[in-house]
Each structure stands twice: as C-alpha cells, then as structure tokens.
S.K.: 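Handing you this structure, nothing more for now.
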Amino acid sequence: MTSVMTQIASRILLLPLFMVAAAILVKGYVDIGDGFSAGVIASLAIILQGVAFGAEEFDRLPLARYAPLATFAGLALALSVAFAPIAFGHPIFLHQPVAGAPARHFGSLEFITPVLFDIGVFLIVFGFCVGSVSAVARETQRRERELEEAAHESPRAPSAAGDREGVR
Amino acid sequence: MPENVANLNIALVLIGAVFGAPIVTLLVGTWRPSMTGSVAVVTTALCLAIVIVSYFIDESSVNVVWAETFGLRFHVALDGIAQQFALLATGIGLVVVVYAYRYVPLHLDHHHRDRDEQPRFFGFFLLFMAAMVGLVMAQDMILQFAFWDLTAIASFYLIGFDRDQDDSRTSAMMALLVTGISAVLVLIGMLLLRTELGTYSIPDAIAMDADAPAVGIAMMLIVVGALAKSAQIPFHFWLPRAMAAPTPVSAYLHSAAMVAAGVFLVRRYYLLIAGFDWLLNALLVIGFLSIAVGGIISLTRDSLKQVLAYSTISQYGYVVVMFGLGTASGLAGAMFYILAHALVKSALFLTAGAVTEATGAKYLSRTGGLARRMPLLAIGSGLASAGLIALPLSIGFFKDELFFTAAWERGQLFGVLAVASAALTFAYISRFWIGVFLGPLRREPEPISGVLVWPVVALGGATALFGLWTGPAIEIAERAATLTAGNPAEIAIAYHLDARPANVMAVATWIVGILLVLGERRWSPAAHAVARFGDRHGPERLYHRTLDALERVSNSIHRVEVRDLRSRVATILAPAGLLVGLAVILTPNSDAFTIGGWERSDLPLSIMLLSTALAAIAVAIPRSHLRIVITLSCVGFSLAVIYALLGAPDVALVAILVETMLGTFFICMLLLMPSSILRFETREPTERSGVRRDAVIATFTGAMAFFVVWGVFSRPSPSTRLIETYDELTPLAHGEAIVTVILADFRGFDTIGEITVIALVMLGVMSLIRKGRLR
C-alpha cells in the first residue's frame, strides 16, 4: 500500500516525535506548549505508523491497544489532582506547593502539582486521538475482511455484501 | 465550616437518617431483594423515632455555607411546622411501609413481574419520604426548591411504578408535568422574593413582613405552585389520574405527603401571604370551589380509589379555606385538619387496597356486605370514616369544630358554606363505607394477610385514641400554627354539651348529611351532570390540548430538521443568526463598528486573512468529500499562520495540531461511510431552490457573525484587566507560560469540564464502533 520510503520515515520519526512530545509536556510551564499539544503530537506519531503499515499495526503496538484506557486513567489523574485539596479542607485546584512557596527543580521540570494535572490532560488527549482513529481503522479492516470472506463463500456474494454495505 | 452544630443535633441526625434510609434499603435490596421490605420498615421506624424524640428536646438546626457566592446556605431546622409535617411523613410512612411490606410482593405477582423489583418501589418510596422531610425542614428557599423538585421526581417513579401499563405512564407524566411546571412558578416566586428582600433565608424573609406589590406577586406564584401540588381547582385533575399507582403509593402521596407538601408551602410563607387580602380571598374562593367540585364528583364515582381521590381534593379545600380566612383560629384549624385528615385518609386508602386484594373488586357497585366477613377491617376503616365525618369521640370531631368556629368568626355566610361542605363530606364518606361494608354480600372475600388489615386498624384506633386523649395532637398543631416565637398559638378544644355555634353546626351537618345519604336518588342526576360537565370542559381537556399542540409544533420543526443534512445545519444556523442579529440590534452600539487604520506592516496579516477567506469560499465548490476535507484544512492552517503573525505561538501550535488531527478524523469518518453512498452523494445534482436557500441562510448567518465580531473588536475588551492580573500572578504560580498556567491553574475548573467531555466522547465512540470494548 505505501512505499518503503514512507514506512522507513515513519519508523525513524517515531522516537523523535515522542521526544518532542515529552519535551513539550515537561516544559509546559516555562515554554510554549502543554499537555494538550504533547498529547496530539504523540498520537500523531502513533497514527503515522498506522498510515504507513496499515491498520494491523494498531493491533501490534501496545501503546495503541491500550490508548482508550489511557483516556480514563488521565481523567482519574486530572480529577484527583483537582479535587484532592478538598480532603485537606482547601478549595479545589489549590496546587502544591502554594503560590510563592519554593518548588523543587530538575532541569526545567518543576515538581508542582499542575504538571501532574497536565500529564492527565496529555493522557486523555493521547488516548482519545489514538483510540478513536485506531477504533475506526480496525472497524474498516473488519468490514473488509467480512467482504472478502463473503466473496470467498459464494460467487454472488460480493454484490450482496455491497448492497448490505450500502444500506448501512 | 459548621457554625451552629450542637452536641446532639437532632436536625442533622434526622436529615442523615431519612436520606440514609433509601440508600441502605437499596443496597440491601440489590444484595437480597426479599429483605427490602423489612429493611424499609426498620429504617422508617428509626426516622419516626427521631422525629418523636425531637419533641422532647430543644429546637435545633444546621446552618452551613453551601454556595457562598450566591448567598446559598444549607440551612435546615426542625421547627414546629417541620415537626408536624415530618411526623406525618414518617408516621404515616411507617404504617404504609408495613402495609407495602406485604402488598408490594402480591402486587408484583398479580402483574407477573419479578419480586426482585421490590427495591425499586421501596427505594423511591423512601426517597420521597426523605425529600418530604428535607422540604419541610429547609429554611433556605433554593434548598427548599431542590427538595420540592425531588418530591416531584420521586412521585413520578412511584405513580408510574407499573411502567408496563399505559395508564400508569400517562398518569405519572401528568403528575410530573402539572407539579413540575408549577414548580417553575415557585422558583420564579422565590427569585422575585430574593430580589425584593435581598435574602434566600426564609426566616429572614418572613421577619421582614414586607407588603410591596412585588412580594405579593412572588407570593401568588408560590401559592399557585402550592395549590397545584395540593391538587386544588383548577389543577386538581392529576390527582384522580394518579390513582393508577399501587395502593400504598396513593395512601402515602395523596393523604400525608405529596398533597400535604402544597399546603405546607402555604403555611411556610403564611406570614407573607397574609399581608395581601386579595391572595387570602383567592385562597377562600379556590378552597370552597375545590370542596364543592371534589365533593360532588366524589359522590358520582364508582371506583373505590376515585371516591377517595376526589375526597382528598375536597378535604384539602378545607385547609385552603382555613388559610384563606386569615385568622389565628383559621391557621390553627388548618394545621389540626392536616394532622387529622392524614390519619383517616391513609386508613381509607389502605382499606380500598385491602378490599380489592380480598375480593378483586375495584368498584363500589361490585362490593358490599363485607362487614361480617372482614370485621376487623370494617371496624378500623369505620373508625377512620367516623373521624372524617367528624363524629364525636374521634379526632375528626375537633377538626370540624375548629373549622366551624373559624368560619363562624368570619361571618354567617361562611358558617353556612362550612356546614354545606361538611355535609358533603358526610355524604360521600358514608357512601364509601356503607357501600363497601353494608348491604348484600356481592363477592365472597378470600382470606388476606393480617399485615394488610392491621395498619388500617392502627390508624383507625389512633383516630379514636386522639379523639379522647387530645393532648398530643393539640400540642403538635399548636407548635405548627405558632407564627412568631413570642406569640404561641392556642387551640382550645373540648367536648361541650351546650348550644354554642360549632355544636349547632355539627348537628346540622349530620342532619343534612343523613338526608343526603338517604335521598341519593334525588340529587344523583344533578351530581352526575356536574361530573360530566367537568369531564367534558374541565381543565384536563386544556392540558391535553396544550400537549397535543406542543407535539404538533415539535413535529413540524422536526420534519423540517431531519429532511437532509443541509436542513439540519440550517435549523441550527438560522435561529442562531436570528438571535445574534437581535442581540446586535438591541445592544447599544454607538461606538461599535469603527474602522481602524492600515499600515504597511499589516501586509502579511492582510494576505493571510485574504487567503483564509478565499479558502473558506473554496470549501463550497468541490463535490468530492475528500477534497472538501482538504480545503477545510486549508482554512484551518491559514488561521494558524494568522495566530503566529499576531504573536500567539501557543495558539498557533495548538491550531496546527488540531487541524492535523481534525483532518485525520474527517478521513476516518469518510472511511466508515459506505463508498457507494459517498459516490452517489457526489454525483447527485443539488436542487436549484435548495442552493438558493442555503446561500441565503449562509449569507445571513455569516453577516450576523461578522457584525458581532466587528462590534467586539471595535471596543477595548473589558477583560484586559483580567489578563493583566493573570500575567502578574503567573510567576507566583511557578510558571512562565501564561497559557499553560491559565489552563492548569487559574481556569483549571473549565479544563476539567472540557477533558471530561473528551472522555465521554471517547466512551461514545467506543460504544458505537467497538460495542463498548475499550481495548
């Protein structure tokens, strides 16, 4: 379906794209970009694999298979960061450390709770984009397989299957 | 933070108990459905015990901040009014739950339904009780409204419990619509009151003793909602329909709970209502009308439960009349009446259920002579009937004594009307009891469980007991009728053997009542004519016509909308354009629509804007779906460049990413569509008139959007100050990129909403395409 060049390019790009996503995610608080952008970039990296190698690739890549679950893991993470302060009698979204208090650094990464929240956003966006595109890809693949099987069983089948498709 | 929580706060305990009851019952019910009834009995008994205990300790309240920005507080208190209504809700509730413990499994068997549906019944039953107790305790208007609506919702499920029956579903819907729509009036009234008096707190509002016209209108709205809930004319029609519910539901909702909620609301705001004579007079008129119409129709009905339903309309008319009298004695009489009526009416409803269970008969014409076969039931309901027709030695005698005294105080005409009303009650209740228990035996009853009989005996016994030992009932009603703490209400009732007006009126009532019972043949045609007139021209007809008309309007809009995709988009765009256009015209726009200058440095921006506009126009040209998607992408990417030129790299990055993703999604959708349909759509020529219509709608909507955007850009944005604040705060929040900080911190709550939507859409995609599998 796609040329070898596309396949090689997409494979070569996979890790660098992840790298960019990670950088954008970590640097979110000091530079352009945030969890949302990082999530879209990372998911584009995965979707590129599917485009180059076909829908089967989505079944092979564990990152793609478990993407829908990542959505809900991300939601759980973001919600707990947002609402955890209630348990301590604080208003929601009171991030730690509080305004003005010193924060630990690791390079440009700051250990503050907004970053956790951003990771939650990242997971949701990543899970949604990869999850829905791969779901569509696998569904169309399943339909094609059904058509082939129908064609295999009887010579009249292709047109019948085509009609059914049309009705849908 | 809790402010007024005492060591043992009975109000808090009660709220916890009543809302714990449905939860515990549901939990146990899901685990062991057969145990639901027992758990419901135990939890209800516990709630009743707490209410009784509350009479022996000081008044208590919970008053905590709920939503401070809007001045809302979670403020509940167990004052005299709340105590009486909570006592009714839990006390009658307990008796009915005991009855339902046996009745509901039998009912499910009759309808060939699984006994595992019991938790559904008891869960909603107890939820209703909780809502009712919450309603009467609430001291904050909005909180009160929330509980008010909760009763409507719970009653919907209770009345429609037999959801397999058409009749049940329509009745449940009718009860929900009538009480739900009128509830909106209550809310409007509350908001009006808040604007006028500046507080949501009910005690504060009442203490102001305001008599501004706006307060009168607010009170009128609240009274209308209350009367609809109490099934008064002209909103009465939902109550007889609601008899499609299982008997325990009728016995509870239509004697002590749902209809009582209406008069409760009148009582709660009584001090404000009483400031407006026209409102009180309206109450008098509606009350007497309800007494007359309910009573006359009740005389004509053959179905056991219908007789009682119309009787309830009539009985609550008494209460409304006593409120309308506007005197202290009227108020005290009303509270006492509610108490006595709840006892006897629930007993009569339960009697009807027991009789139908034993004989299978639902109509007066099919029953009769049951007194010998079911003596216990006859005695129990006989005592209750005696209470309702105000025979001496029952609590009912005093309810009528108070009614007569209060009416006589107002004038002789009211005295005559009161006697006529009471005689009517005498006639239809006698007709009910005599029709069921005396005369020839029509059907041999099958033996039924004692659990269906003893609750009736208990209620009947209570009617007699409190007729002799009047202390507790007086105490309860006095507390509930006390308007201000310094001025306690007094109810002086006792048996007097002299010719005082109340006694004379009582005797007159019995004589007229007996004459009515004996002369049934004389008045029967006239009463039936009234009932027929009501059926034909009553407000129920208006209700159905309104619903039909609404459905026709909705259907015609729907037909236009679903014709094709273009009309679907048009039905969104055209009204939106219209509304926006109205907004543009109506808002002051003297300094809007200015045209700024143009400099050479604006050249790149202008080129990109032009290219975006051209791309947008180009979208309308291609026929192939893939080309449309790609042209759409062009618009998006041009916009991204514009953001970059305007110095918003963050937005530009997001725009590019979103555009890439959106293109991918579009192609995915095209893949899912059958290619034959796509090909067909591409070749199909569009109708000329359709193109013209689309062009008009698109131009109109686009122009409106253009004017709004122009108007916004012409004015310095008022939110600049906000942005400056965000800018100052960003370093404090450990950040340097303001956009990210806004998203994750300042406006984090918005982000939560957005990402939750994404997760929900994900669920939708997965259930549509992958049948809910997540991997």
Side-chain angles (χ1 to χ4, degrees), chain A residues 24 27-37 39-41 43-44 47 51 65-66 68-69 71-72 74-75 78-79 81-83 89 92-93 95 97 99-101 103 110 112 114-115 117-118 120-121 124-125 127-129 131-133 135-140 143 162-163 165-168, chain B residues 1 648-654 656-658 660-661 664-665 667-677 679-680 729-737 739-749 751-752 754-766 768-771 773-775:
Chain A
I24 284 186
K27 283 175 174 282
Y29 245 54
V30 290
D31 214 335
I32 291 165
D34 49 17
F36 180 85
S37 317
V40 179
I41 291 174
S43 45
L44 282 175
I47 292 168
V51 171
R65 262 208 327 248
Y66 293 98
L69 295 177
T71 314
F72 299 100
L75 186 65
L79 283 178
V81 171
F83 288 96
I92 57 166
F93 270 103
H95 285 306
E110 278 182 299
I112 50 177
V115 172
F117 183 78
D118 225 20
V121 176
I124 289 174
V125 172
F128 175 75
C129 295
S132 37
V133 170
V136 171
R138 289 152 93 183
E139 171 66 13
T140 41
R143 284 189 196 171
D163 287 351
E165 196 81 337
V167 170
R168 242 189 247 142
Chain B
M1 285 292 109
D650 245 312
V651 187
L653 174 64
V654 170
I656 288 178
L657 290 173
V658 164
T660 320
M661 218 48 238
T664 320
F665 281 140
I667 291 169
C668 282
M669 292 308 108
L670 293 183
L671 274 176
L672 279 182
M673 275 185 233
S675 51
S676 54
I677 287 189
R679 267 198 302 278
F680 170 78
L729 286 177
T730 302
L732 266 182
H734 309 280
E736 285 167 35
V739 176
T740 316
V741 178
I742 289 177
L743 285 177
D745 198 338
F746 301 153
R747 304 298 295 269
F749 204 62
T751 314
I752 280 285
E754 287 149 14
I755 58 180
T756 312
V757 169
I758 296 184
L760 288 179
V761 173
M762 183 77 222
L763 266 187
V765 170
M766 285 329 224
L768 278 175
I769 301 183
R770 310 258 313 149
K771 301 196 179 70
R773 271 170 302 150
L774 284 180
R775 278 193 289 136

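The figures that follow rest on heavy atoms only: side chains count, while hydrogens, waters and symmetry mates do not. Numbered from 1 within each chain, the chains take letters A, B, ... in sequence-line order.
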S.K.: Under 4.5 Å from any heavy atom of chain B, what part of Leu79(A) do you find: side chain, backbone, both or neither?
M.R.: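 Contact with chain B is through both the backbone and side chain of Leu79(A).
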
S.K.: Hey, what do you get for OG1 (Thr751(B)) to CZ (Phe117(A)), rounding to the nearest 0.5 Å?
M.R.: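 It comes to 5.0 Å.
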
S.K.: Please classify the contact between Phe128(A) and chain B as side chain, backbone, both or neither, with a heavy-atom cut-off of under 4.5 Å.
M.R.: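 Both parts, heavy atoms under 4.5 Å.
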
S.K.: For chain A, which of Val658(B), Leu653(B), Val654(B), Asp650(B) has the most heavy-atom pairs under 4.5 Å?
M.R.: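 Option with the greatest count: Asp650(B).
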
S.K.: Measuring from Met762(B):CE to Ile124(A):CD1, what's the distance to the nearest 0.5 Å?
M.R.: 11.5 Å

S.K.: Less than 4.5 Å to any heavy atom of chain A: does that hold for the side chain of Leu672(B), its backbone, both, or neither?
M.R.: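 For Leu672(B), backbone and side chain are both near chain A.
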
S.K.: Relative to chain A, which segment of Thr756(B) carries a heavy atom at a distance below 4.5 Å: side chain, backbone, both, or neither?
M.R.: both

S.K.: Quick check: do Leu671(B) and Glu139(A) have side-chain heavy atoms less than 4.5 Å from each other?
M.R.: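 The answer is no; the side chains never approach within 4.5 Å.
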
S.K.: At a heavy-atom distance under 4.5 Å, which candidate from Val115(A), Thr71(A), Ile24(A) has the highest pair count against chain B?
M.R.: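 That would be Thr71(A).
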
S.K.: Got a sec: does the CZ of Phe680(B) have more than 12 other heavy atoms crowding it under 6.0 Å?
M.R.: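 Counting other residues, nucleotides and ligands, CZ of Phe680(B) stays at 12 neighbours or fewer.
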
S.K.: Examine whether an atom of Ala135(A) lies under 4.5 Å from a heavy atom of chain B, and if so say whether it belongs to the side chain, the backbone or both; otherwise answer neither.
M.R.: both

S.K.: Look up atom CD1 in Ile755(B) and atom CZ in Phe36(A), then write down how far apart they are to the nearest 0.5 Å.
M.R.: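 Here the rounded value is 12.0 Å.
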
S.K.: May I ask you to test the Ile47(A)-Met661(B) pair for a side-chain heavy-atom distance under 4.5 Å?
M.R.: yes

S.K.: Give me the atom names and distance for the closest heavy-atom approach of Ser132(A) to Val765(B).
M.R.: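 Looking at all heavy atoms of both residues, the closest pair is CB-CG1, 3.9 Å.
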
S.K.: Chain B: which of Val40(A), Thr140(A), Val81(A), Asp118(A) shares the most heavy-atom pairs with it under 4.5 Å?
M.R.: Val40(A)

S.K.: Please assess Leu44(A) against Leu657(B) for the test side chain to side chain contact (heavy atoms under 4.5 Å, CB included), listing each intermediate value before the final yes or no.
M.R.: CA-CA 9 Å; Leu44(A) 282 175; Leu657(B) 290 173; 4.2 Å; yes

S.K.: With a 4.5 angstrom heavy-atom cut-off, could you sort out which part of Phe749(B) is near chain A: side chain, backbone, both or neither?
M.R.: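 Its backbone and side chain both get close to chain A.
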
